[in-house]
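Just so it is clear: chains get the letters A, B, ... in the order the sequence lines come, proteins before strands, and each one is counted from 1. This is a predicted model, so every value here is computed, not measured.
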2 protein chains.
Amino acid sequence: MEKLDEIDLKILRILQKKSNRTTKEVAKLINLTASPVYERIKRLEECGYIKKYVAILDKKLINIPITAICMVSLRYHDEGFIDKFDKQIKALQEVQECYHMAGKVDFFLKINLESLDKYHEFVRLKLSKIENIGVLESYFVLKEITSTTEYYI
Amino acid sequence: MEKLDEIDLKILRILQKKSNRTTKEVAKLINLTASPVYERIKRLEECGYIKKYVAILDKKLINIPITAICMVSLRYHDEGFIDKFDKQIKALQEVQECYHMAGKVDFFLKINLESLDKYHEFVRLKLSKIENIGVLESYFVLKEITSTTEYYI
DNA sequence: GCTGAAAGTAGTTCGAC
DNA sequence: GTCGAACTACTTTCAGC
């Protein structure tokens with residue numbers, strides 16, 4: 001797929017805000033008929049511009065009110081250790097995001113949990129069991145100012 | 001709505017992984033017919049358990065390869081200043097996430113951009129224009145280990 | 001690359017259990 | 001609370017432009 005034209009961008013902007021729209025609705029929003037919109041969306045999916053469609057749940061209603069951000073530095077930085085850390089983190093389902101960083105810490109983790117007690121447990125039983133962790137600093141979210149999956153396009 | 005039973009949880013688990021499934025498909029996955037699944041999903045939406053449905057785009061394909069994490073501390077911490085900061089951050093469309101934190105920094109920001117140059121511009125022209133910022137520390141994502149919108153339920 | 005219509009399929013409603 | 005059928009609406013295809 002070559003480049004996205006303005007119509008493609010409009011479709012992406014619409015779908016990243018609300019994906020459960022009918023093709024008709026999207027078509028109406030951009031003054032087209034259903035068929036070209038249908039084909040463009042399909043192309044955007046096939047070419048990977050749209051990775052997936054997901055339902056966003058309400059953290060608090062499903063009883064996961066605590067969000068912690070955790071900064072981790074490794075003691076040793078060989079390739080093997082980093083790959084190992086990578087694999088072990090991926091196995092922890094409480095970890096919603098994990099990034100390998102450039103800067104004075106190696107990793108950022110975002111962790112969602114039921115309670116502070118569970119966080120204590122999580123650190124004690126899971127995180128600290130991962131070998132080679134040097135520094136571990138925890139921060140807790142007091143309030144979500146913004147949190148979106150949208151990109152500014 | 002009272003409590004979620006195991007069937008509701010199963011539906012939520014399915015939809016937060018992939019929301020563009022037909023009611024039939026979901027029904028098949030949990031050994032039910034379409035009607036009860038349809039009604040449960042509708043109830044989950046109405047009661048707010050499902051906040052919304054969104055399309056997740058591929059950052060790199062849409063030309064937003066840079067993710068920065070920015071830690072901000074304010075100089076003064078009166079209610080007025082915090083609210084003001086809140087409002088000004090919400091107006092910045094490059095900011096995908098912003099959390100008010102407990103810990104030695106006040107705010108975490110996740111910012112998605114086209115290039116490091118744009119980040120420089122962003123800090124110089126937008127972020128630093130917000131008054132009352134004391135400390136501002138930037139980190140860049142080298143690699144995404146995991147990044148999901150799912151909760152572990 | 002779009003339109004509009006036709007065909008196929010899924011979403012949605014509802015009476016029975 | 002679920003099933004299954006009937007109805008409605010959307011998705012999907014395609015000939016014509």
Side-chain angles (χ1 to χ4, degrees), chain A residues 1-64 148-153, chain B residues 1-64 148-153:
Chain A
M1 190 166 178
E2 299 84 63
K3 269 194 78 181
L4 302 176
D5 63 12
E6 190 51 38
I7 296 176
D8 292 322
L9 286 174
K10 275 183 188 166
I11 293 173
L12 292 177
R13 282 187 205 114
I14 290 167
L15 293 179
Q16 69 171 346
K17 270 197 203 306
K18 182 171 188 290
S19 62
N20 58 333
R21 287 181 186 280
T22 64
T23 315
K24 261 191 183 173
E25 275 183 293
V26 177
K28 203 169 180 186
L29 285 170
I30 58 177
N31 294 315
L32 272 176
T33 52
S35 335
V37 172
Y38 170 75
E39 279 168 12
R40 278 167 181 271
I41 291 176
K42 216 173 159 188
R43 210 179 60 240
L44 290 167
E45 288 167 6
E46 277 163 5
C47 297
Y49 288 90
I50 296 172
K51 285 206 292 192
K52 57 182 173 178
Y53 298 96
V54 301
I56 306 293
L57 308 187
D58 188 298
K59 283 175 48 167
K60 288 185 183 156
L61 285 180
I62 56 173
N63 200 29
I64 308 191
T148 174
T149 53
E150 282 175 56
Y151 296 106
Y152 180 38
I153 53 172
Chain B
M1 190 165 178
E2 299 84 63
K3 269 195 77 181
L4 301 176
D5 63 13
E6 191 51 39
I7 297 176
D8 291 322
L9 286 175
K10 275 182 187 166
I11 292 174
L12 291 179
R13 282 187 205 114
I14 290 167
L15 294 180
Q16 69 171 345
K17 270 198 201 307
K18 182 170 187 292
S19 63
N20 57 333
R21 286 184 187 279
T22 63
T23 315
K24 264 189 184 173
E25 275 183 292
V26 177
K28 202 169 183 184
L29 286 170
I30 58 178
N31 294 316
L32 272 176
T33 52
S35 336
V37 172
Y38 171 75
E39 278 167 15
R40 278 167 183 272
I41 292 176
K42 216 172 160 189
R43 210 178 62 243
L44 291 167
E45 288 168 4
E46 277 164 5
C47 296
Y49 289 89
I50 297 172
K51 284 206 293 188
K52 57 181 173 179
Y53 298 96
V54 300
I56 306 294
L57 308 188
D58 187 298
K59 283 174 50 169
K60 288 185 183 156
L61 285 182
I62 56 172
N63 199 30
I64 308 190
T148 174
T149 53
E150 281 176 56
Y151 296 106
Y152 180 39
I153 52 173

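For the pair A:Arg21 (side chain) and A:Leu15 (backbone), a donor-acceptor distance under 3.5 Å is absent.
Between B:Asp8 and B:Arg40, at least one side-chain N (NZ, or NE/NH1/NH2) sits under 4.0 Å from a carboxylate O, which counts as a salt bridge.
In this structure, the CD atom of B:Glu39 is 14 Å from the P atom of C:dG11, given to the nearest Å. Taking atom CD on A:Glu25 and atom C1' on D:dA9, their separation rounds to 12 Å, with Å as the unit. The OH atom of B:Tyr53 sits 11 Å away from the P atom of C:dG11 (whole-angstrom rounding). Rounding to whole angstrom units, CZ of residue A:Arg21 and C1' of D:dT11 are separated by 17 Å. One can place CD of A:Glu46 at 11 Å from P of D:dT12, the figure rounded to the nearest angstrom. Going from atom NZ of A:Lys28 over to atom C1' of C:dC2 covers 19 Å, rounded to whole Å. Summarising the geometry, the separation between NZ on A:Lys24 and C1' on C:dG4 is reported as 12 Å, rounded to the nearest angstrom. Between A:Leu32 atom CG and D:dT12 atom C1' there is a gap of 17 Å when expressed in whole angstrom units.
For A:Ser35 against C:dG1, no side-chain N or O and base N or O form a donor-acceptor pair under 3.5 Å.
Residue contacts shown for B:Thr23 are limited to sugar-phosphate atoms, with no base heavy atom under 4.0 Å away. If you check every strand for non-hydrogen atoms under 4.0 Å, B:Ile41 touches nothing. A:Thr22 comes within 4.0 angstrom of the backbone, heavy atoms only, and of no base.
In terms of phosphate contacts, B:Arg40 brings no side-chain nitrogen or oxygen within less than 4.0 Å of OP1 or OP2 of D:dG1. At the phosphate of C:dT13, OP1 or OP2 sits under 4.0 Å from a side-chain N or O atom of B:Lys42. Under 4.0 angstrom from either OP1 or OP2 of C:dG11 there lies no side-chain N or O belonging to B:Tyr38.
Contact of the B:Ile50 side chain with the A:Leu57 side chain is registered, since non-hydrogen atoms from C-beta on lie closer than 4.5 Å. B:Lys17 is not listed as a side-chain neighbour of B:Arg13, based on a closest heavy-atom distance of 4.5 Å or more.
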Inset, instruction - Evaluate the side-chain contact (heavy atoms from CB on, under 4.5 Å) criterion for residues A:Ile14 and A:Ile30: first the C-alpha distance (whole Å), next the side-chain angles of each, then the deciding distance (0.1 Å), finally the verdict. - result: CA-CA 10 Å; A:Ile14 290 167; A:Ile30 58 177; 3.9 Å; yes
